[in-house]
Amino acid sequence: MSDHAANLLGALAVAVADAQSAAMRTATGGDLSGVAALTTLLDHPGLSIRELSTVLGITHSGTVRLVDRLAGRGLVTRATGTDRRQAPLSLTGDGAAAARRALRARQDVLEDVLAPLDPGERDRFARLTAKLLAGIPHDRAHARQICRLCRHDRCRGDACPVGAAVDEAGEFDAGLNR
């Protein structure tokens with residue numbers, strides 16, 4: 001039965017990832033890396049290219065190109081400074097609106113997935129999922145990658161099993177913790 005449970009989990013993960021990715025891309029008109037950058041900057045304004053690159057799990061040069069595309073669409077701005085690599089990034093009003101649309105689209109997909117469960121089943125599912133998630137992150141950077149599309153206003157501090165797991169391990173990445 002363990003192999004069957006693992007296979008079911010894999011199929012669920014793919015189905016949910018595909019559905020939420022498609023909904024978020026449609027909501028913003030961009031690719032998933034762009035969506036992840038927008039949702040990350042909504043919760044963590046002022047990140048540098050380096051910090052954003054770590055969260056997104058893409059190269060520095062890839063992040064520069066991504067930010068250039070988002071800036072070209074009027075969604076992201078870079079503060080001016082002596083070192084462009086450390087210049088804080090922020091969302092424009094349009095960028096914040098796009099991030100909120102993406103998060104709403106994701107929420108709608110996830111609500112649809114959970115719809116067949118009654119409230120008690122949802123509670124049990126949430127507890128079991130939190131237990132599984134707590135065992136996944138290696139460090140703070142990995143935790144940020146896992147949660148890059150999350151609604152951080154719904155899952156913060158001890159309510160976030162991913163963040164709490166790395167906090168217990170003593171990992172902390174300044175500016176990205178919460």
Side-chain angles (χ1 to χ4, degrees), residues 9-47 49 51-58 62-63 65-78 88-130 132-134 136-137 141-164 175-178:
L9 176 61
L12 179 62
V14 169
V16 171
D18 289 351
Q20 75 176 357
S21 296
M24 293 176 91
R25 287 191 317 267
T26 298
T28 63
D31 62 18
L32 194 56
S33 291
V35 171
L38 295 174
T39 60
T40 298
L41 290 171
L42 182 66
D43 197 54
H44 299 287
L47 294 181
I49 293 279
E51 291 167 326
L52 185 60
S53 172
T54 299
V55 172
L56 299 180
I58 60 178
T63 305
R65 288 189 300 275
L66 173 63
V67 169
D68 287 345
R69 283 193 311 270
L70 294 172
R73 291 180 54 204
L75 303 174
V76 172
T77 61
R78 285 187 181 107
L89 303 170
S90 60
L91 297 177
T92 64
D94 288 345
R100 285 191 287 279
R101 282 193 313 274
L103 291 171
R104 180 74 243 161
R106 177 181 181 264
Q107 183 70 27
D108 290 346
V109 165
L110 299 177
E111 287 292 331
D112 287 347
V113 169
L114 293 170
L117 302 179
D118 66 44
E121 290 171 325
R122 281 185 183 215
D123 288 344
R124 285 190 300 281
F125 180 78
R127 284 192 306 277
L128 292 170
T129 303
L132 293 172
L133 282 168
I136 294 175
H142 189 221
R144 291 298 312 138
Q145 288 174 358
I146 292 168
C147 297
R148 69 188 177 274
L149 298 175
C150 286
R151 290 190 59 183
H152 296 282
D153 62 329
R154 307 280 190 206
C155 191
R156 194 176 289 286
D158 291 338
C160 176
V162 176
L176 301 177
N177 189 28
R178 301 216 192 266

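In what follows, residues are counted from 1 in the order of the sequence shown. Everything numeric here is computed off the predicted structure, so don't read it as measured data.
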Are Leu41 and Leu47 close enough that some pair of their side-chain heavy atoms sits under 4.5 Å apart? yes
Here the gap from Ile146 atom CD1 to Cys160 atom SG, rounded to the nearest 0.5 Å, amounts to 9.0 Å
How far apart are the closest heavy atoms of Leu91 and Ala99, and which atoms are they? CD1-CB, 4.3 Å
Can you name the closest pair of heavy atoms from Thr54 and Ala141 and give their distance? CG2-CB, 3.5 Å
Using atom types as modelled, flag every donor-acceptor pair under 3.5 Å from a side chain in residues 15-23 to any protein atom, sequence neighbours excluded.
unit_1: Gln20; atom_1: OE1; unit_2: Arg106; atom_2: NE; d: 3.0
unit_1: Ser21; atom_1: OG; unit_2: Ala17; atom_2: O; d: 2.7

With side chains defined as the heavy atoms from C-beta onward, is the minimum distance between Leu133 and Ile136 less than 4.5 Å? yes
Side chains of Thr92 and Val76, heavy atoms from C-beta outward: is any pair under 4.5 Å? no
Please examine the side chains of Glu111 and Asp108, heavy atoms only from C-beta on, and report whether any two atoms are closer than 4.5 Å. no
Arg144 CZ to Leu56 CG distance, which is reported to the nearest 0.5 Å: 10.0 Å
Which is it for Asp94 and Arg73 under the side-chain contact (heavy atoms from CB on, under 4.5 Å) test, yes or no, and what are the steps along the way? CA-CA 9 Å; Asp94 288 345; Arg73 291 180 54 204; over 6 Å; no
salt_bridge(Arg78, Asp68) N-O dist < 4.0 Å: yes
Test side-chain hydrogen bond (donor to acceptor under 3.5 Å, both in side chains) applied to Arg127 - qualifying residues, sequence neighbours left out: none
Under 3.5 Å, side chain of Arg101 to main-chain N/O of Ala27, donor-acceptor pair present? yes
To the nearest 0.5 Å, what is the distance between CD (Glu51) and NE2 (His44)? 10.0 Å
Hits for side-chain hydrogen bond (donor to acceptor under 3.5 Å, both in side chains) against Arg100, two or more places apart or cross-chain, chain-then-number order -> none
Value rounded to 0.5 Å, distance of CD1 in Ile58 from CD in Gln145: 10.0 Å
Got a second to check how far Thr28's OG1 is from Leu75's CG, nearest 0.5 Å? 8.5 Å
From Arg122 atom CZ to Leu114 atom CG, the distance as rounded to the nearest 0.5 Å: 5.0 Å
Compare all side-chain heavy atoms of Leu70 with those of Leu89 and state whether any distance is below 4.5 angstrom. no
